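A, B, ... follow the sequence lines: proteins, then strands. Residue 1 opens every chain. Values in this document were obtained by computation on a predicted structure and should not be read as measured data.
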Amino acid sequence: MDAVTAEKTHVDAPLIQGNPTFHDVSEKISSLIEGKTPPLWFIAIGLSSSIVLLLLGSVGYLLWEGLGIWGLQNPNGWGWAIVNFVFWVGIGHAGTLISAILFLLRQKWRTSINRFAEAMTLFAVICAGLFPAIHVGRIWLIYWIFPYPTQYLSMWPNFRSPLLWDAFAVGTYFTVSCLFWYVGLIPDLATLRDRATTKIRKVLFGIFALGWRGGNKQWKHYELAYLLLAGLSTPLVLSVHSIVSTDFAVSIIPGWHTTIFPPYFVAGAIFSGFAMVMTLGIITRKIFGLEDYITIRHLENMNKIMLLTGMMVGYAYGCEFFIAWYSGNEFERFAFINRAFGPYWWAYWSMISCNVLVPQLFWFKKLRRSIPVMFVASIFINIGMWFERFVIVITSLSRDFLPSSWDYYRPTIFDVTTFIGTFGLFLTLFLLFVRFLPVIAMAEVKGVLPQADPHHHDTH
Amino acid sequence: MSERVAGVIAQFEDPAALLKAAERVRDEGYKKFDCHSPFPIHGMDQAMGERRSPLGWIVGGIAVIATLAGAGMQWWTNGVDYQFVISGKPFVSYQAYLPVTFAVAVLTSAFVSTFGMMALNGLPRWHHPLFESEQFKKVTDDGFLVSIEATDRKFNVEQTSAFLELIGGTNVEVITCD
């Protein structure tokens with residue numbers, strides 16, 4: 001059944017279009033790795049790795065000179081670095097949601113997008129982790145956050161501090177995501193091993209495929225391990241950004257000290273993550289001709305999730321305002337009026353327009369299925385979500401309890417270059433991934449093809 | 001150099017054929033056989049007479065230990081060995097200890113799931129007699145194969161090969177190794 005008839009008969013369109021055979025799937029996805037490198041790839045990685053140089057330069061200068069090169073001052077002890085940290089960690093959440101929660105909910109459409117969404121999670125968390133690491137000032141002593149026995153310090157980290165929770169939460173998140181991603185890759189690496197024509201591919205894919213033989217005695221343990229990893233990652237989708245939010249919520253700064261923060265951060269994280277999956281997914285799909293694998297149905301489903309989570313953050317914005325008024329606390333009230341109408345009004349209204357107004361387009365089926373519309377919308381949502389973190393961090397810090405200590409925060413050129421640099425790092429890693437590893441989970445896609453069901457030909 | 005027989009493999013048409021073949025091989029009384037496919041096939045465990053993987057119990061057991069270890073570490077370091085006052089918080093605070101306890105439990109369980117799966121599957125194992133077969137490479141693409149190992153009590157090269165052919169297997173191949 002093609003997409004048009006499916007549309008008319010109100011049946012879900014097939015997950016993968018064009019009725020490929022199992023072999024077609026291996027052929028299509030592997031050819032992206034085995035074929036000649038497209039010239040566009042070289043241009044893209046040339047650009048992105050140049051931006052990585054910008055990042056290295058900015059971080060190198062920071063380590064040489066110190067945190068003074070950033071726009072930090074009193075009372076803004078946290079600036080762009082923390083904004084960017086929260087932004088990048090949030091981006092990662094869509095990958096985990098797709099790979100874990102949608103797996104447990106038996107949402108078979110996830111198979112087309114989970115591999116690159118998971119890769120995106122890893123790369124986003126690498127970019128995120130960079131910021132707190134360089135923000136500590138003396139990065140060469142960062143191992144002090146770990147509880148290791150030492151005579152030199154003769155003390156232990158403070159486990160009652162949200163900043164330490166954060167190190168554990170983000171560290172766990174990254175490691176578990178890596179394991180999940182790798183376990184998912186094993187059968188596909190075996191496919192590439194068995195197709196390999198060059199020595200180097202044979203050796204490298206051979207090593208990383210671990211000698212996978214695809215026997216049911218292996219699949220049995222494999223499937224359970226995958227299920228367990230999905231089950232373990234599912235609470236992480238909710239816990240990581242909840243713990244990130246406690247960095248703020250456990251303090252007493254007006255605008256931060258609220259109980260709505262954990263769910264509000266999680267919804268925002270999923271919202272921004274899906275926007276990034278959408279942006280990258282549309283580009284990857286177009287460049288590699290994956291229209292049959294990442295279909296309009298997949299994109300439409302993601303748009304629906306963005307509409308839902310966008311409404312959730314919109315509700316949170318409203319709820320925060322209401323509670324600030326209802327609490328009767330004058331500092332809290334001031335913090336929120338200051339957000340919308342104070343010196344950073346432009347950031348607040350950019351956030352509202354991008355995060356609350358833009359997703360409303362997705363109420364309309366026509367717009368939800370239009371690629372140019374969703375592409376532009378996804379970019380606006382990412383911009384909006386960066387502004388959300390900017391609003392939270394900066395407006396609250398710049399004007400706290402004591403008006404005499406207020407100050408206007410301005411980033412320096414190094415704040416800007418470091419942030420742009422992380423985009424270079426993210427894109428470089430992503431480009432390496434699409435060139436050397438399968439962007440779509442072949443074994444999983446084969447498993448959702450209609451002929452994969454042993455009862456496919458039975459008449460019920 | 002003397003070569004010995006490691007097993008016999010045969011190809012089947014599609015997942016349904018492989019499932020039926022698995023039932024026949026099971027009913028014939030073979031134990032050391034496996035059904036290879038590019039993706040897991042629903043209902044195959046039953047068809048092969050396989051028991052459920054014990055991995056869940058292993059991970060569950062170690063998760064309990066990890067939870068206690070994570071909580072114990074915080075209790076001992078912050079509550080016993082090195083007490084210091086921060087924002088008037090109690091030295092031992094189960095609320096404040098929860099996030100790290102949870103992280104330690106999840107992290108350990110994820111490692112055990114991954115490496116436990118590898119251990120149960122005997123991975124990594126880079127060399128296996130089955131890799132000597134050219135047609136076995138189809139398994140990771142679109143091939144559905146049954147393999148019966150020579151160490152099985154019922155195994156006999158001629159009879160087992162004939163049996164695989166009888167139940168619909170094609171390209172029956174004897175796998176040898178040094």
Does any heavy atom of chain A fall under 4.5 Å from the side chain of Leu55(B), the backbone, both, or neither of them? both

Taking atom CD of Glu34(A) as the centre, report whether more than 12 heavy atoms of other residues, nucleotides or ligands fall under 6.0 Å from it. yes

For atom CZ of Phe401(A), is the number of surrounding heavy atoms from other residues, nucleotides or ligands below 6.0 Å larger than 12? yes

Closest non-hydrogen contact found for Asp141(B) with Lys446(A) is O-NZ, 2.9 Å

Note: Lys31(B) and Lys217(A) closest approach over all heavy atoms is O-NZ, 3.0 Å

Which atoms of Phe84(B) are under 4.5 Å from chain A, going by heavy atoms: the side chain, the backbone, both sets, or neither? both

Region of Trp75(B) that comes under 4.5 Å of a non-hydrogen atom in chain A: neither

Plane angle bin for Phe22(A) and Phe39(B) - parallel if under 30°, tilted between 30 and 60°, otherwise perpendicular: tilted

Should Leu107(B) and Thr175(A) count as side-chain neighbours, where that means a heavy-atom distance under 4.5 Å? yes

Interface residue of largest heavy-atom contact number with chain B, from Phe168(A), Phe180(A), Trp219(A), Trp165(A), under 4.5 Å: Trp219(A)

Do you know which of Gly214(A), Gly447(A), Ser26(A), Pro149(A) has the most heavy-atom pairs under 4.5 Å to chain B? Gly214(A)

Pick one of side chain, backbone, both or neither for Glu223(A), based on which atoms fall under 4.5 Å of a heavy atom in chain B. side chain

Any chance you could measure Asn78(B), atom CG, to Ser161(A), atom OG, to the nearest 0.5 Å? 10.0 Å

Spatial distance of atom CZ (Phe33(B)) from atom CG (Asn216(A)) [nearest 0.5 Å]: 9.0 Å

Can you tell me which of Gln95(B), His42(B), Arg51(B) forms the most heavy-atom pairs within a distance under 4.5 Å of chain A? Arg51(B)

Considering only heavy atoms from C-beta outward, does the side chain of Asp34(B) approach that of Arg213(A) to under 4.5 Å? no

When the 4.5 angstrom heavy-atom criterion is applied to Met44(B) and chain A, the contacting part is both

For each of Arg160(A), Met442(A), Glu27(A), Glu444(A), tally heavy-atom pairs with chain B at distances under 4.5 Å, and name the one with the top tally. Arg160(A)

Got more than 12 heavy atoms from elsewhere within 6.0 Å of CD1, Ile252(A)? no

Counting only heavy atoms from other residues, nucleotides and ligands, does the tally under 6.0 Å from CD of Glu28(B) exceed 12? yes

Has Phe131(B) got more than 12 heavy atoms of other residues, nucleotides or ligands less than 6.0 Å from its CZ? yes

Does the side chain of His221(A) reach to within under 4.5 Å of the side chain of Pro54(B), using non-hydrogen atoms? yes

Does any heavy atom of chain B fall under 4.5 Å from the side chain of Ile186(A), the backbone, both, or neither of them? side chain

Counting only heavy atoms not in Leu166(B) (residues, nucleotides, ligands), do more than 12 fall under 6.0 Å from its CG? yes

Atom NZ in Lys138(B), atom OG1 in Thr191(A): separation rounded to 0.5 Å? 12.5 Å

When rounded to the nearest 0.5 angstrom, what distance separates CG in Asn158(A) from OG in Ser87(B)? 8.0 Å

Search all heavy atoms of Ser113(B) against all heavy atoms of Leu232(A) and return the closest pair with its distance. OG-CD1, 3.8 Å

Closest heavy-atom pair and its distance - Gly211(A), Leu123(B): O-CD2, 3.6 Å

pair Asp142(B)-Thr21(A): side-chain heavy atoms closer than 4.5 Å: no

Which bit of Phe102(B) comes within less than 4.5 Å of chain A, counting heavy atoms only: side chain, backbone, both or neither? side chain

Under 6.0 Å from the CD atom of Glu13(B), do we count more than 12 heavy atoms belonging to anything else shown? no

Relative to chain A, which of Val139(B), Leu19(B), Asp45(B) shows the most heavy atom pairs under 4.5 Å? Asp45(B)

Using a cut-off of under 4.5 Å on heavy-atom pairs, state which of Leu145(B), Leu18(B), Asp81(B) scores highest against chain A. Asp81(B)

Mind ranking Pro40(B), Ala96(B), Gly56(B) by heavy-atom pairs under 4.5 Å with chain A and telling me who comes out on top? Pro40(B)

To the closest 0.5 Å, what do you measure between CZ (Arg193(A)) and NZ (Lys137(B))? 9.0 Å

Can you name the nearest heavy-atom pair linking Tyr222(A) to Met117(B), along with the distance? CA-CG, 3.8 Å

When you look at CZ of Phe91(B), are more than 12 heavy atoms from neighbouring residues, nucleotides or ligands closer to it than 6.0 Å? yes

For chain B, which candidate among Tyr182(A), Tyr226(A), Tyr173(A), Trp212(A) shows the most heavy-atom pairs at distances under 4.5 Å? Trp212(A)

Ile243(A) portion near chain B, given a 4.5 angstrom heavy-atom threshold: side chain

So, for Thr172(A) and Ala103(B), which heavy atoms are closest and what is the spacing to 0.1 Å? OG1-CB, 3.4 Å

